[in-house]
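Presented below is the structure to which this report refers.
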Amino acid sequence: MLSAKNAMLAFMLLAFDLDKTIVRNDYELPTPIIEAIDRAKEAGHLVTVLTGRPKVAAEPYLDSLGINDYYSTNHGSLVTGKNDAILRQTHIDKAHVADLLKDYLEHPDVEFSCVVGDTLYVKDPADERWSWAHTLNRKLSKFHPELELHADKIVFTANGLSPKIRNYVSETYPDFVMYPWEEGYLEITGPNADKGSALELLAGELGVEQKDIIAFGDGPNDTSMLTYAGHGISVGPHAHPDTVAAANEHIVSPEDLGVAKWLEENLL
């Protein structure tokens, strides 16, 4: 196990996922985790956040952590540098959006969301599967093909049809990135829109070597980030198997203050 107190001399870049890593299931960021991350910054370590949330839904947590620069949202689709400069922004082109959604515009068993900024363009705004959006500073609007949207990402909730959609994307758009989630949710982002490449870009901007990066995450979208980092840490009892396999060690959930305890024991 890594022990910064005994073995590390260099300052580290600490890369955190949000939900189920430092944010609890009730969407609260526990004060002890905030305080531990603050102490890590005071000790000279750098801190970044890489989240699947769009910027508008991540901002309350970024503010709580005092992170104004150098972070990534939408699974790596948007990477932000100094003074809100965009280091990378990846979209799914409107023609590809139209192609991916064309077979499901009227499909009774498939809902979808075309995510553009802080707005979710969905087939049915009243569908209960999008009820969570109202708690996360998100806007809902009805999707119409004539809008011709460039999407940050597309989310399907497909009631068993996710494998069919995944196969089509793999064959037709092999550079796209897909994340399967519980309850049939499937997220799709454009080429190279992943947390691993986003972390590499941020580290380069900050002048941090790969060996001096510690990444914390729980979901399938965190696997590439934990793989890239010099030291990867999976979090919580429901961490995705691929994420656990990519990690060097595993810690308890934010409900049990896993990140705060790890920082106290290893960096502070």
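Worth knowing before you read on, the calculation uses all heavy atoms, side chains too, and leaves out hydrogens, waters and symmetry mates. Residue numbers run from 1 in the order of the sequence given.
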Do [X] and [Y] have side-chain N/O donor and acceptor atoms under 3.5 Å apart?
{"X": "Asp222", "Y": "Tyr179", "value": "no"}
{"X": "Asp242", "Y": "Thr223", "value": "no"}
{"X": "Arg88", "Y": "Ser72", "value": "no"}

Residues in side-chain contact (heavy atoms from CB on, under 4.5 Å) with Ser113, at least two apart?
->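 For Ser113 the side-chain contact (heavy atoms from CB on, under 4.5 Å) partners, ignoring immediate neighbours, are Val115, Leu120, Val122, Trp130, Val155.
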Ser170: side-chain contact (heavy atoms from CB on, under 4.5 Å) partners, not counting sequence neighbours |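 Ser170 satisfies side-chain contact (heavy atoms from CB on, under 4.5 Å) with Met178 once adjacent residues are dropped.
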What residue among Tyr168, Tyr185, Tyr104 forms ring pair (Phe, Tyr, Trp, His ring centres under 6.0 Å) with Phe156?
->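 Single ring pair (Phe, Tyr, Trp, His ring centres under 6.0 Å) partner of Phe156 among Tyr168, Tyr185, Tyr104: Tyr104.
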If you look at every heavy atom in [X] and [Y], which pair is closest and at what distance?
{"X": "Ser234", "Y": "Ala247", "value": "N-CB, 3.5 Å"}
{"X": "Thr243", "Y": "Asp218", "value": "OG1-O, 3.6 Å"}
{"X": "Leu140", "Y": "Pro125", "value": "CD1-O, 3.7 Å"}
{"X": "His150", "Y": "Lys94", "value": "ND1-N, 3.2 Å"}
{"X": "Thr90", "Y": "Pro191", "value": "CG2-O, 3.4 Å"}

For His96, what residues pass the ring pair (Phe, Tyr, Trp, His ring centres under 6.0 Å) criterion, not counting sequence neighbours?
->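 Testing His96 for ring pair (Phe, Tyr, Trp, His ring centres under 6.0 Å), a comparison that skips the adjacent residues, returns Tyr173, Phe176.
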Could you check whether any side-chain N or O of [X] sits under 3.5 Å from a backbone N or O of [Y], counting only pairs where one atom can act as donor and the other as acceptor?
{"X": "Lys153", "Y": "Asn74", "result": "no"}
{"X": "Asn248", "Y": "Gly232", "result": "yes"}
{"X": "Asn266", "Y": "Trp262", "result": "yes"}
{"X": "Thr48", "Y": "Tyr70", "result": "yes"}
{"X": "His45", "Y": "Met12", "result": "yes"}
{"X": "Lys102", "Y": "Pro145", "result": "no"}
{"X": "Lys123", "Y": "Val110", "result": "yes"}
{"X": "Ser197", "Y": "Asn192", "result": "yes"}
{"X": "His91", "Y": "Asp93", "result": "no"}

Got a sec, which residues hit salt bridge (Lys or Arg N to Asp or Glu O under 4.0 Å) with [X], two or more places apart in sequence or on another chain?
{"X": "Glu111", "value": "none"}
{"X": "Asp69", "value": "Lys82"}
{"X": "Asp84", "value": "Lys55"}

Apply the test side-chain hydrogen bond (donor to acceptor under 3.5 Å, both in side chains) to residues Asp152 and Ser77: give CA-CA distance (whole Å), side-chain angles for both, the deciding distance (0.1 Å), then the verdict.
-> CA-CA 7 Å; Asp152 299 320; Ser77 296; over 6 Å; no
Does the pair Glu255/Arg24 count as a salt bridge with the N-to-O cut at 4.0 Å?
->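 Salt bridge: no.
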Ion pair check, Lys195 and Asp17, cut-off under 4.0 Å |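 Yes, this pair counts.
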Ring centre gap for Phe112 and Phe143 strictly below 6.0 Å |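 Ring centroids of Phe112 and Phe143 are less than 6.0 Å from each other.
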Does NE2 in His238 sit with more than 12 non-hydrogen atoms of other residues, nucleotides or ligands closer than 6.0 Å?
->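 Check fails, neighbour count at 12 or below.
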